[in-house]
Enquirer: 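Sharing a structure with you now.
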Amino acid sequence: MKQQDIQFDNTGKLRHFLTIEDLPRQTLIDILDTAENFSTVGSQSAKKVPLLRGKTIVNLFFEGSTRTRTTFELAAKRLSADVLNININTSSTSKGESLLDMLRNLEAMHTDMFVVRHGESGAAHFIAEHVAPHISVINAGDGSHAHPTQGMLDMFTIRRHKQEFQNLRVAIVGDIMHSRVARSEIHALNRLGVPEVRVVGPHTLIPRTASTLGVHVYHNLREGIKDVDVIIMLRLQKERMQGAMLPSEAEYFSQYGLTEEKLSLAKPDAIVMHPGPINRGVEIESVVADGPQSVILEQVTNGIAVRMAIMSMVLGRKQESAG
Ligand code: CP
């Protein structure tokens, strides 16, 4: 079954959020507009709205995370949902319980949503295919396949700074090969109408099929970021690399690391983004990561409003049909 088939329920509403690929443009715009409404909740004295009161959301992170797990938890709490964080290392999976048995047991606790991060591409989709009908699944990053909430928070951040997508030049730099973030961003940028999306990196870290994704491929950083409006730097995903894909980190930094001098080739008002975690001195120098053009910490803040938007759209759908 194709992913776009299971993301929507039989009334055409979003039930799961697994990938941006093939989502209609209007769904992406709805997420961005809804997130805009939620963006002030964090600065209220009582940082809560009652939209998901009585709902129970389970965070299932089979792979490490700082930003995504905590902002999902905060987003759920700000929507007044109850949140369970399952510690996979101390769960009964360590006693041989299968993933599906674990899910059946969590479903039996009358939970409503699973937020899933997993090292295997396709894991969130597999879980979505096997959960009970009342459960929704959100993909919080699966292998090198997709990280759709990161993709959407990055679109939110770009729209905040650049207003329109239609005139932008965006460069995504680094380890495109292993990056689920890059895939989700490319789908979102294309769907939102960005006319020029570039990917920049060494031959070993750009898939040969990249141009079929509707991007322009560059192997020279200076050429790749010339006159762009947005630069998205990516981490080298060494945990997903097999064999020697790079000469050395020092050589990588000299060719692909973003320095102040190289940043000056982009438009003067270009913004610098990074999904985190950052490796300072490997893909980006500190003076750029912490500099005036960096919006890296804004991305983290925006992640809460965007995750609130997606969770409320997915679980609010059921409240609408019940009401
Ligand atoms: N951007 C991102 O996914 O970061 P974490 O791995 O810390 O969640």
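Any value given below was found using the heavy atoms of this structure, including those in side chains, with hydrogens, waters and symmetry copies removed. Whatever order the structure lists them in is the order used to number ligands and atoms, beginning at 1.
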Enquirer: Using distance alone, with no hydrogens and no angle criterion, decide if Arg280 and Ser286 have a side-chain donor and acceptor under 3.5 Å apart.
Expert: yes

Enquirer: Assign the ring pair His118 / Phe62 to parallel, tilted or perpendicular, where the plane angle (0 to 90°) is split at 30° and 60°.
Expert: tilted

Enquirer: Out of Glu63, Arg67, Arg117, indicate the one that has the non-hydrogen atom closest to atom 6 (O) of ligand 1.
Expert: Arg117

Enquirer: Taking NZ, NE, NH1 and NH2 as the nitrogens, is one of them in Asp30 or Arg25 under 4.0 Å from a carboxylate oxygen of the other?
Expert: no

Enquirer: In the protein, what heavy atom is nearest to atom 2 (C) of ligand 1, and what distance, to one decimal place, separates them?
Expert: Thr68 OG1, 3.4 Å

Enquirer: Which atom pair, heavy atoms only, marks the closest approach of Arg117 to His147?
Expert: NH2-NE2, 3.2 Å

Enquirer: Could you list which atoms of ligand 1 come closer than 4.0 Å to a heavy atom of Thr66?
Expert: 5 (P), 7 (O), 8 (O)

Enquirer: Taking the minimum heavy-atom distance to atom 5 (P) of ligand 1, which of Gly276, Pro275, Ser65 ranks first?
Expert: Ser65

